[in-house]
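Residue numbers start from 1 in every chain, and the chains themselves are labelled A, B, ... in the order their sequence lines are given, proteins ahead of strands. Any value given below was found using the heavy atoms of this structure, including those in side chains, with hydrogens, waters and symmetry copies removed.
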Number of protein chains: 2
Amino acid sequence: MNIGEAAEASGVSAKMIRHYESIGLIPKASRSLSGYRTYQESDIHTLGFVRRARRLGFSMKEIKKLVGLWRNKARKSADVKAVVDVQIESLEQKITELEAMKAALKELARRCHGDSRPDCPILEGLAT
Amino acid sequence: MNIGEAAEASGVSAKMIRHYESIGLIPKASRSLSGYRTYQESDIHTLGFVRRARRLGFSMKEIKKLVGLWRNKARKSADVKAVVDVQIESLEQKITELEAMKAALKELARRCHGDSRPDCPILEGLAT
DNA sequence: ATTGACCTTCCCACCGTGGGAGACTTTAGA
DNA sequence: TCTAAAGTCTCCCACGGTGGGAAGGTCAAT
């Protein structure tokens, strides 16, 4: 299987597959005589793993850990859970920040007439 | 006032002040004979505006709009409000995404023993 | 044999921020 | 007055994650 088919099958773009290889997130693909990367079913599986982890917001660094744990049949499930717990906390923190921004903006917007006049509590709020 | 003092006074790093100038977010600072940027109180005010907008999650592009509206005494408050409403929506969308990630992770974590055994529903979940 | 689709590597872009090098200017202290 | 330190200047590079595109090689079908 060439990189295009692998991309199709895994949902990870060819561009990103090369990138993941270059940063060591996935092992180097074997090559055909002409230098084309070739992939097996198991590689597609790994790419799918990475894709799902990305969609859950894990950073490359965390995904590297997770892939390592996944491959390591002697891992402790507690180690996996620890990575996930850290990620949950980091998501919670981001959510809290965004909620605070949203609340502040809502309050500013609430006080703004939103008509054709120029005076605007939003700008005043940002200015002070 | 040199850039260091302006940074101190505004809470925006000297590095970022230069950057904001380079992308046209703030006007070019006037220069001393030796080429040092010099700032007035009003510039500090603008930098504070930008800083507060950043902290509310606005992108540079949006901040450019807001600064323009701030400066334009003939603006309509409705235009300002429109920018803010778009930003609120984008925050809401991000929050929704993060909440979904968090819920998925919590569910995976809930099902994981988190002990010294290797079997782990988290990895299984990511693998399929 | 040609063509078109695919693959390769390499560089550049985004956004926002920080680090640092090498050169110059200003300020403070001896 | 001379020197050392601190401040500033312009550049380039890095991060994370993704995409665009150029220039060249390869494969399959016509």
Side-chain angles (χ1 to χ4, degrees), chain A residues 1-26 28-39 43-44 47-67 86-87 90-91 93-94 97-98 101, chain B residues 1-26 28-39 43-44 47-67 86-87 90-91 93-94 97-98 101:
Chain A
M1 200 175 349
N2 287 338
I3 199 170
E5 289 162 279
E8 181 85 9
S10 67
V12 178
S13 73
K15 210 90 186 184
M16 290 314 297
I17 295 177
R18 294 193 195 97
H19 180 60
Y20 290 162
E21 181 183 309
S22 82
I23 63 174
L25 186 58
I26 55 174
K28 291 192 179 181
S30 51
R31 302 286 186 126
S32 72
L33 289 180
S34 57
Y36 283 18
R37 288 172 181 81
T38 55
Y39 297 89
D43 299 316
I44 305 307
L47 288 168
F49 183 99
V50 171
R51 174 162 150 273
R52 281 178 286 271
R54 279 296 305 148
R55 289 205 303 203
L56 289 172
F58 287 100
S59 70
M60 295 290 148
K61 209 170 176 178
E62 301 303 304
I63 295 177
K64 232 179 241 189
K65 283 189 209 165
L66 288 173
V67 172
V86 166
Q87 173 66 2
S90 122
L91 287 176
Q93 201 193 326
K94 275 180 205 150
E97 282 170 23
L98 296 181
M101 292 178 190
Chain B
M1 200 175 354
N2 287 339
I3 199 170
E5 291 162 276
E8 181 86 9
S10 67
V12 178
S13 73
K15 210 90 187 182
M16 290 314 298
I17 295 177
R18 294 194 195 96
H19 181 58
Y20 291 161
E21 181 183 309
S22 82
I23 62 173
L25 186 58
I26 55 175
K28 291 192 178 180
S30 52
R31 302 286 184 125
S32 72
L33 288 180
S34 57
Y36 282 19
R37 288 173 181 81
T38 55
Y39 296 90
D43 299 315
I44 306 307
L47 287 168
F49 183 99
V50 171
R51 175 161 150 273
R52 281 179 287 271
R54 279 294 307 148
R55 290 207 302 204
L56 289 173
F58 288 100
S59 70
M60 294 292 147
K61 209 170 178 178
E62 302 303 304
I63 295 177
K64 231 177 243 189
K65 283 189 208 165
L66 288 173
V67 173
V86 167
Q87 173 66 4
S90 123
L91 287 175
Q93 200 192 328
K94 276 180 204 149
E97 282 171 22
L98 296 182
M101 291 178 189

In whole angstrom, give the distance that lies between atom NZ of K64(B) and atom C1' of dC14(C). 13 Å

Would you compute the distance between atom OG1 of T38(A) and atom CG of L33(A) and round it to the nearest 0.5 angstrom? 10.0 Å

Length of the NZ-C1' vector between K94(A) and dG16(D), whole Å: 11 Å

Whole angstrom is fine here: how far is it from CD1 in I63(B) over to C1' in dT17(C)? 13 Å

Donor-acceptor pairs are to be reported for all side-chain atoms of residues 18-25 of chain B against protein atoms at under 3.5 Å, with residues two or more places apart or in another chain.
unit_1, atom_1, unit_2, atom_2, d
E21(B), OE1, A29(B), N, 3.3
E21(B), OE1, R37(B), NE, 3.1
S22(B), OG, H19(B), O, 2.8

Partners passing side-chain contact (heavy atoms from CB on, under 4.5 Å) against K15(A) (at least two apart in sequence or in another chain): S13(A)

In whole angstrom, what separates E62(B)'s CD from dC14(C)'s P? 17 Å

Distance, nearest 0.5 Å, that separates CZ of R51(B) from CD1 of I63(B): 12.0 Å

To the closest 0.5 Å, what do you measure between CZ (F49(A)) and CG (L66(A))? 5.0 Å

Is the phosphate of dT10(D), meaning OP1 or OP2, less than 4.0 Å from a side-chain N or O of R31(B)? yes

Determine: side-chain N/O of R54(A) to OP1/OP2 of dG17(D), distance under 4.0 Å, yes or no. yes

Could you check how far CD1 of I3(A) sits from P of dC27(D), rounded to whole Å? 16 Å

Which residues pass the salt bridge (Lys or Arg N to Asp or Glu O under 4.0 Å) test with K65(A), not counting sequence neighbours? E62(A)

Backbone of L47(B) reached by a side-chain donor or acceptor of S10(B) within 3.5 Å: no

Listed in order of residue number, which residues of residues 4-22 of chain B have a non-hydrogen atom at under 4.0 Å from DNA chain C? S13(B), K15(B), M16(B), H19(B), Y20(B)

Under the side-chain contact (heavy atoms from CB on, under 4.5 Å) test, which residues partner Y36(B), sequence neighbours left out? N2(B), S32(B), S34(B)

Nearest-0.5 Å distance that lies between atom NZ in K64(A) and atom OG in S59(A): 10.0 Å

Without decimals, in angstroms, what is the distance between R55(A) CZ and dT18(D) P? 12 Å

Any side-chain N or O of R37(A) less than 4.0 Å from the OP1 or OP2 oxygen of dC6(C)? no

Nucleotides 26-28 of chain C: which of its N/O atoms have a protein N/O under 3.5 Å away?
unit_1, atom_1, unit_2, atom_2, d
dT26(C), OP1, S34(B), OG, 2.9

